[in-house]
Amino acid sequence: MLVKLNNVWAKYDKEIVLEDVNLTINEGDYIGVIGPNGGGKTTLIKLILGVKSAFKGTIEYGNPCSDARPCVTTRYPNIGYLPQQNNIDKMFPINIEDVVYSGLITEGATSNFRVQKKLSQENFEHLLNKMNLYDIRKKALGTLSGGQIQKTLLCRALISKPDLLLLDEPNTYIDKESEFELYNYLIKESGIKALLLVSHDLGTISSYIKTIACVNKTLVYHDSNVITEDIIHSYNCPIQLISHGEIPHSVLKKH
């Protein structure tokens, strides 16, 4: 077990945005999170990151298990996070290299940052070369395209080799070819042990996730990546369905 939410409620001021949420994230889980705007998807991520507190319920943390390292619940797992770009100050005077290495900074760990940076140099070079950013690593964030910023933030999320990776709309600002390469890299090469992926583009992510969590104030968990009528009804609004076949196409439910 990496993260477990037990009957969690969250609110802003007096407005309840999530109620009675239960979710367990284990090693090997690749969970797609879908739901309408304002339904609580980003709040769910904030709760897992610990940047927002639940006013009811509990959140437990564990670690990946192995023969050499049994499961424990005493250490906060290493979590990587790719935020939505609209939460990023693109004019802040910082370059690609510094943004990526900032992913090594954790609370109480600034004293050994230089050591961590040196130990992560090989991974830094690998990530930036993979994302075609190494040759421009000294460029300022504000001079980059939307796609380059997105890739920079992804490298930041991966620099610490996280156990769990949280992605909030990762396909924003990148083209379809880059999107395909991104998901293939995350699943096959990145070494992450679990993934929580928020997206509106269920047709694209369905090939890369194993299960689906529908978040619309409450959370409905589906132990499959197949879209069913149950998922449609859990939205309480029309959603886009993707039909896979020789010619992929989409069907929008009548509304």
Side-chain angles (χ1 to χ4, degrees), residues 1-12 16-35 39-84 87 102-109 153-154 156-170 183 186-187 190-199 202 205-206 208-225 231 234:
M1 182 270 288
L2 293 173
V3 182
K4 186 176 183 181
L5 285 74
N6 304 294
N7 307 112
V8 167
W9 295 61
K11 64 179 179 179
Y12 295 97
I16 295 175
V17 292
L18 289 175
E19 60 180 43
D20 203 23
V21 168
N22 291 278
L23 179 67
T24 300
I25 305 174
N26 294 305
E27 182 176 351
D29 282 345
Y30 292 86
I31 304 172
V33 179
I34 59 176
K41 301 186 300 297
T42 298
T43 300
L44 177 67
I45 286 182
K46 290 180 178 179
L47 288 167
I48 294 172
L49 287 170
V51 298
K52 181 168 181 58
S53 299
F55 78 93
K56 287 171 63 175
T58 60
I59 303 176
E60 303 173 42
Y61 297 95
N63 292 284
C65 307
S66 67
D67 293 337
R69 184 175 65 183
C71 293
V72 296
T73 57
T74 57
R75 182 177 68 85
Y76 192 83
N78 184 0
I79 300 177
Y81 172 47
L82 175 66
Q84 292 185 11
N87 296 326
S102 71
L104 296 173
I105 300 174
T106 57
E107 186 177 355
L153 295 175
L154 178 61
R156 179 186 184 276
L158 292 171
I159 188 65
S160 65
K161 298 183 178 180
D163 301 322
L164 169 62
L165 183 62
L166 308 179
L167 304 179
D168 199 351
E169 299 289 351
Y183 289 127
L186 290 176
I187 301 302
S190 67
I192 58 172
K193 297 176 175 63
L195 176 70
L196 190 75
L197 169 57
V198 174
S199 179
L202 191 55
I205 70 170
S206 62
Y208 304 100
I209 60 173
K210 297 178 181 178
T211 57
I212 297 171
C214 298
V215 178
N216 188 5
K217 199 169 186 178
T218 59
L219 186 149
V220 180
Y221 184 76
H222 300 269
D223 194 17
S224 170
N225 64 352
I231 292 179
S234 71

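Not measured: the values here are computed from a predicted model.
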What distance do [X] atom [atom1] and [Y] atom [atom2] have between them, rounded to the nearest 0.5 Å?
X      : Y      : atom1 : atom2 : answer
Tyr61  : Lys4   : OH    : NZ    : 14.0 Å
Ile159 : Leu154 : CD1   : CG    : 11.0 Å
Leu167 : Tyr81  : CG    : OH    : 10.0 Å
Lys193 : Asn26  : NZ    : CG    : 14.0 Å
Ile192 : Glu27  : CD1   : CD    : 11.5 Å
Leu164 : Asn78  : CG    : CG    : 9.0 Å

_Quick check on side-chain contact (heavy atoms from CB on, under 4.5 Å): which of Leu47, Leu5, Leu219, Val8 does Leu18 satisfy it with?_
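Result for side-chain contact (heavy atoms from CB on, under 4.5 Å) with Leu18: Leu47.
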
*asked:* Applying the side-chain contact (heavy atoms from CB on, under 4.5 Å) criterion to Tyr221, which one of Leu23, Ile212, Thr24 satisfies it?
replied: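 For Tyr221, the side-chain contact (heavy atoms from CB on, under 4.5 Å) test succeeds with only one of Leu23, Ile212, Thr24, which is Leu23.
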
If you look at every heavy atom in [X] and [Y], which pair is closest and at what distance?
X      : Y      : result
Gly35  : Lys41  : O-NZ, 3.0 Å
Trp9   : Asn7   : CD1-O, 3.3 Å
Gly103 : Ser160 : O-CB, 4.1 Å
Thr211 : Asp223 : CG2-OD1, 3.3 Å
Ser199 : Ile34  : O-CG2, 3.5 Å
Pro170 : Tyr183 : CG-OH, 3.5 Å

*State which residues pass ring pair (Phe, Tyr, Trp, His ring centres under 6.0 Å) with Tyr30; sequence neighbours excluded, sorted by chain then number.*
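Residues passing ring pair (Phe, Tyr, Trp, His ring centres under 6.0 Å) with Tyr30: none at all.
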
*Are more than 12 heavy atoms from other residues, nucleotides or ligands located less than 6.0 Å from atom NZ of Lys52?*
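Counting other residues, nucleotides and ligands, NZ of Lys52 exceeds 12 neighbours.
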
Do the side chains of [Y] and [X] get nearer than 4.5 Å, heavy atoms only?
X      : Y      : answer
Leu158 : Leu186 : yes
Leu195 : Tyr208 : no
Leu196 : Asp29  : no
Ile16  : Lys217 : yes

*With distance as the sole criterion, is a donor-acceptor pair present between the side chains of Thr58 and Asn6 under 3.5 Å?*
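Indeed, the side chains of Thr58 and Asn6 share at least one donor-acceptor pair under 3.5 Å.
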
_Can you confirm whether the side chains of Thr42 and Asp168 place a donor and an acceptor under 3.5 Å from each other?_
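A donor-acceptor contact under 3.5 Å links the two side chains.
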
*asked:* Let's go through Ile48 and Ile25 carefully: what are the C-alpha distance in whole Å and the side-chain angles of both, what is the deciding distance for side-chain contact (heavy atoms from CB on, under 4.5 Å) to 0.1 Å, and is it a yes or a no?
replied: CA-CA 10 Å; Ile48 294 172; Ile25 305 174; 4.0 Å; yes

*Could you please spell out the steps behind the side-chain contact (heavy atoms from CB on, under 4.5 Å) verdict for Asp20 and Thr218?*
CA-CA 7 Å; Asp20 203 23; Thr218 59; 5.9 Å; no

*asked:* I'd like to know if the side chain of Lys210 reaches the main chain of Gly28, judged simply by a donor and an acceptor atom lying under 3.5 Å from each other, with no hydrogens or angles considered.
replied: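 Pair found, side chain donor or acceptor close to backbone of Gly28.
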
